[in-house]
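Structure, as structure tokens:
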Amino acid sequence: RALIERYVEAGRARGVQRIAITEHLFRFEEAYTLLHGWWDGDPDPHLAALAHTYWKDHVSGRVADYLRLIEEAKRDGLPVLLGIEMDWIAGREDDLRRFLAPYDWDIVLGSVHYIGAWGFDCEEFLDEWDKRDVASVWADYGALVRDMAESGLVDVVAHPDVPKVFGHRPAGETPLHNAILTGASANGTAIELNSNGLRKRCREIYPALPLLERAHALGLPITLASD
């Protein structure tokens, strides 16, 4: 609660009217239990084991406690929204829907962090980039983001071009932008402008300016985030 109050104080000083708190799905015990074993669909047992370990190590609380914290802050007049960053797990849409359904979320961010069990934006999985074709990775990621946005489960596409995080970029990025915008346009899903890329090796905000400009021209909403 003290951290939330500090966020609000800093935001107010800069003209921010509301702050959405968006904890990651994989930090919740309920999500770990519901989705356990999704990583086993990857044919590479090493990647599956890494993904399992990552999820197990990051579980840190229960949804009920998180909701109570945010709802109490709301009742006390703090301008906060109840949100979550939902990992899109291919083939587990029904489970994700089941996880989200009982709660009155103000905003759901949708993010793709895994291609199979490969956490392509995590340091723990970094060596896998040396085994992959960069353009193919971006294409696979784009297809997953499009599926996620078209599912209707999310309000926002988080850090849309995150595969650039370690500096791996294909010759052309337009195909990824096309996939993201096609998916987002299906339900008017917002595009997140996320400053975290400035702290990463890519040294660039997510998304790259051409994607942001095209999203704006399509009338898609834009959200702001620090991750």
Side-chain angles (χ1 to χ4, degrees), residues 22-63 66 84-100 108-149 151 153-154 156-170 173 176 179-180 192 194 196-204 206-207 225-227:
T22 53
E23 185 55 281
H24 286 80
L25 172 86
F26 60 77
R27 295 193 184 277
F28 295 117
E29 294 175 15
E30 296 90 339
Y32 181 77
T33 299
L34 179 64
L35 296 162
H36 188 277
W38 68 262
W39 41 78
D40 292 330
D42 195 294
D44 187 332
H46 174 64
L47 291 178
L50 283 177
H52 182 191
T53 298
Y54 188 90
W55 274 56
K56 182 174 64 175
D57 288 351
H58 282 77
V59 173
S60 58
R62 296 184 59 82
V63 177
Y66 176 62
I84 187 170
E85 180 175 334
M86 185 202 80
D87 292 78
W88 177 253
I89 306 298
R92 302 298 292 265
E93 179 179 339
D94 290 343
D95 288 329
L96 292 170
R97 194 178 302 276
R98 191 175 302 118
F99 175 87
L100 294 174
V108 176
L109 309 185
S111 59
V112 173
H113 293 282
Y114 291 89
I115 297 173
W118 176 36
F120 58 84
D121 63 337
C122 295
E123 292 279 353
E124 292 88 340
F125 297 81
L126 185 56
D127 290 348
E128 185 68 16
W129 274 102
D130 295 333
K131 307 172 187 177
R132 306 270 181 145
D133 174 71
V134 172
S136 296
V137 172
W138 280 57
D140 291 344
Y141 170 81
L144 291 167
V145 171
R146 179 174 178 172
D147 289 345
M148 177 186 73
S151 75
L153 286 179
V154 304
V156 182
V157 176
H159 43 65
D161 56 356
V162 72
K164 70 186 180 187
V165 59
F166 298 122
H168 302 91
R169 306 181 83 140
E173 301 181 15
L176 172 61
I180 292 170
E192 181 184 80
N194 185 319
N196 195 32
L198 294 174
R199 298 189 291 273
K200 302 296 185 178
R201 297 187 199 178
C202 62
R203 296 290 188 268
E204 181 181 80
Y206 311 119
S226 65
D227 217 329

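All values below come from the heavy atoms of this structure, side chains included, with hydrogens, waters and symmetry mates left out.
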(request) Using side chain to side chain contact (heavy atoms under 4.5 Å, CB included) as the criterion, point out the one residue from Leu35, Val154, Leu34, Val108 that pairs with Leu96. (result) Leu35

(request) Test side-chain contact (heavy atoms from CB on, under 4.5 Å) on His159 and Ser111 and set out the steps. (result) CA-CA 7 Å; His159 43 65; Ser111 59; 3.5 Å; yes

(request) Determine, using ring centers only, whether Trp118 and Trp39 are less than 6.0 Å apart. (result) no

(request) With sequence neighbours excluded, give me every salt bridge (Lys or Arg N to Asp or Glu O under 4.0 Å) pair touching residues 28-41. (result) Glu29-Arg62, Glu30-Arg62

(request) Determine the minimum heavy-atom distance between Tyr206 and Cys202, stating which atoms define it. (result) CE2-SG, 4.1 Å

(message) Working note: Leu50 + His46, criterion side-chain contact (heavy atoms from CB on, under 4.5 Å); need CA distance, chi angles, decisive distance, verdict.
(response) CA-CA 6 Å; Leu50 283 177; His46 174 64; 3.5 Å; yes

(request) Could you list all the salt bridge (Lys or Arg N to Asp or Glu O under 4.0 Å) pairs where at least one residue sits in residues 84-93, not counting sequence neighbours? (result) Arg92-Asp95, Glu93-Arg97

(message) Evaluate Leu100 against Met86 for side-chain contact (heavy atoms from CB on, under 4.5 Å), listing each step before the verdict.
(response) CA-CA 9 Å; Leu100 294 174; Met86 185 202 80; 3.6 Å; yes

(request) Would you please test Tyr32 and Phe26 for ring-ring contact (aromatic ring centres under 6.0 Å, His included) and show each step? (result) CA-CA 6 Å; Tyr32 181 77; Phe26 60 77; over 10 Å; no

(message) Quick one, Ile84 and Thr22 - any side-chain contact, counting heavy atoms below 4.5 Å?
(response) no

(message) Would you compute the distance between atom OG of Ser151 and atom CZ of Arg146 and round it to the nearest 0.5 angstrom?
(response) 13.0 Å

(request) Not counting sequence neighbours, which residues clear ring pair (Phe, Tyr, Trp, His ring centres under 6.0 Å) with Phe99? List them please. (result) none

(request) Give a yes or no on whether a salt bridge exists between Glu123 and Arg201, defined as a side-chain N under 4.0 angstrom from a carboxylate O. (result) yes

(request) May I ask you to test the Arg169-Glu173 pair for a side-chain heavy-atom distance under 4.5 Å? (result) yes

(message) Just checking His36: does its NE2 atom have more than 12 heavy atoms from other residues, nucleotides or ligands closer to it than 6.0 angstrom?
(response) yes

(message) Could you walk me through whether Tyr141 and Phe120 satisfy the ring-ring contact (aromatic ring centres under 6.0 Å, His included) test, starting with their C-alpha distance in whole Å, then the side-chain angles of each, then the deciding distance to 0.1 Å, before giving a yes or no?
(response) CA-CA 10 Å; Tyr141 170 81; Phe120 58 84; 5.5 Å; yes

(request) Under the side-chain contact (heavy atoms from CB on, under 4.5 Å) rule, what do Val59 and Arg27 come out as? Steps first, then yes or no, please. (result) CA-CA 4 Å; Val59 173; Arg27 295 193 184 277; over 6 Å; no

